[in-house]
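Reviewing the structure listed below.
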Amino acid sequence: TIVETITIPSLTSGVSQETIFNWSGSGKAGNHEFLFEIDASNAVKEYSEDNNQLTISEEVPLLFYNLEVEPIIWPANSDINIITRLINNQNSIVPLVLNLAITQDSTGTAIFQRTHNEELPAFGSKALNDHFNTGVTPAGEYTLAQDAVGDNINLHKEMDVHIEVTKTISATMQLLPIKISSGVDAQVEMDMVLTNTGNVALEDEAAVIEVVNKENQESVKAEQLLFTVLLGQEITMKKAMVLNLVEGQYEVRLKYLDNV
């Protein structure tokens with residue numbers, strides 16, 4: 001079957017031309033052989049007529065299959081969308097079993113697994129979405145892999161993914177007393193609970209306790225707080241701060257990196 005014929009204009013010595021042939025493999029699963037031939041009637045006089053043909057074999061799959069992720073960068077506590085795209089390239093229904101897993105490279109431990117049983121109609125297509133939240137899964141290298149298994153189909157896709165180091169905490173704080181006199185030194189006791197909500201251990205980290213005037217948002221006093229919280233753990237801390245403030249409303253904030 002002749003797919004396409006292209007006419008090439010006269011070429012001067014040393015000149016070349018790129019030519020593109022278009023052919024769709026949709027609905028044509030199987031092995032195909034393409035024969036490219038120039039000057040089939042030997043109308044052009046040349047030194048050798050033995051190099052006017054080129055044969056290429058191409059295997060067109062029964063199933064077109066792709067695996068994608070959004071977003072590409074995976075911080076802690078992030079929702080990840082895993083997209084499977086399927087196109088049935090044959091004139092019959094295709095039953096499929098899809099086994100998806102995310103595995104930690106260093107330990108081989110699966111942190112996410114899911115199985116889908118699907119049917120693709122003849123020449124039909126489908127996009128599947130799986131959702132995974134990184135939570136406080138340890139930072140590091142992982143492999144996202146999926147097998148697609150069906151009649152005469154056994155396909156495997158995988159990609160390297162990286163859960164990036166994310167340092168975050170959540171905190172609660174109680175003050176005693178909650179009211180102090182203005183213009184005199186007053187000691188305020190702070191009871192804090194710090195929870196590591198990131199994906200790495202926090203060791204000898206520095207936070208700042210800041211007293212802020214609520215009216216103008218100006219910082220009137222700040223002191224450093226050093227803490228260590230292991231992965232997935234929480235700690236209780238106490239701190240005393242001596243304040244001498246003018247009359248007004250104030251807020252005490254615990255600041256760590258970009259978290260308040």
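Positions are given from 1 along the sequence. We use all heavy atoms of the structure for the numbers below, so side chains are in, but hydrogens, waters and symmetry mates are not.
Met159 belongs to a hydrophobic cluster whose other members, connected by ILVMFWY side-chain contacts under 4.5 Å either directly or through intermediates, are Leu67, Val69, Ile72, Trp74, Ile80, Ile82, Leu100, Ile102, Ile111, Phe112, Phe132, Tyr142, Leu144, Val161, Ile163. Other cluster members for Phe34: Val3, Ile6, Phe21, Trp23, Phe36, Leu54, Ile56, Val60, Phe64, Ile87, joined by side-chain heavy-atom distances under 4.5 Å among Ile, Leu, Val, Met, Phe, Trp and Tyr. When hydrophobic residues (I, L, V, M, F, W, Y) are linked wherever their side-chain heavy atoms come within less than 4.5 Å, Ile38 remains an isolated member. Cluster note: Val193 groups with no other residue, as no ILVMFWY side-chain heavy atom lies under 4.5 Å from it.
Residues in residues 88-115 take part in these salt bridge (charged side-chain N to carboxylate O under 4.0 Å, His left out) pairs, two or more places apart or across chains: Arg114-Asp130. Note on residues 151-179: no pairs pass ring-ring contact (aromatic ring centres under 6.0 Å, His included), not counting sequence neighbours.
Val15 is linked by a side-chain contact (heavy atoms from CB on, under 4.5 Å) to Leu11, Thr12, counting only residues two or more places apart in sequence or in another chain. In terms of the side chain to side chain donor-acceptor pair (under 3.5 Å) criterion, residue partners of Lys126 (sequence neighbours excluded) are, by chain and number, Glu118. Annotation: side chain to side chain donor-acceptor pair (under 3.5 Å) contacts of Glu59 (sequence neighbours excluded): Asn31. With sequence neighbours left out, the side chain to side chain donor-acceptor pair (under 3.5 Å) criterion links Glu58 to no other residue.
With hydrogens and angles disregarded, no donor-acceptor distance shorter than 3.5 Å links the side chain of Ser92 to the backbone of Ala122.
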Return a table of donor-acceptor pairs under 3.5 angstrom between the side chains of residues 223-235 and protein atoms on other chains or two or more places apart.
| residue | atom | partner | partner atom | Å |
| --- | --- | --- | --- | --- |
| Glu223 | OE1 | Lys239 | NZ | 3.2 |
| Thr228 | OG1 | Asp204 | N | 2.9 |
| Glu234 | OE1 | Thr195 | OG1 | 3.3 |

Listed pairs under 3.5 Å, donor-acceptor, residues 205-215 side chains, sequence neighbours left out:
| residue | atom | partner | partner atom | Å |
| --- | --- | --- | --- | --- |
| Glu205 | OE1 | Tyr256 | OH | 2.9 |
| Glu205 | OE2 | Lys167 | NZ | 3.1 |
| Glu210 | OE2 | Ser219 | OG | 3.0 |
| Asn213 | OD1 | Glu215 | N | 2.8 |

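Judged purely by distance below 3.5 Å, without hydrogens or angles, the side chains of Thr143 and Thr103 never pair a donor atom with an acceptor atom. Side-chain contact annotation: Asn133 with Asp79, donor-acceptor N/O pair under 3.5 Å present.
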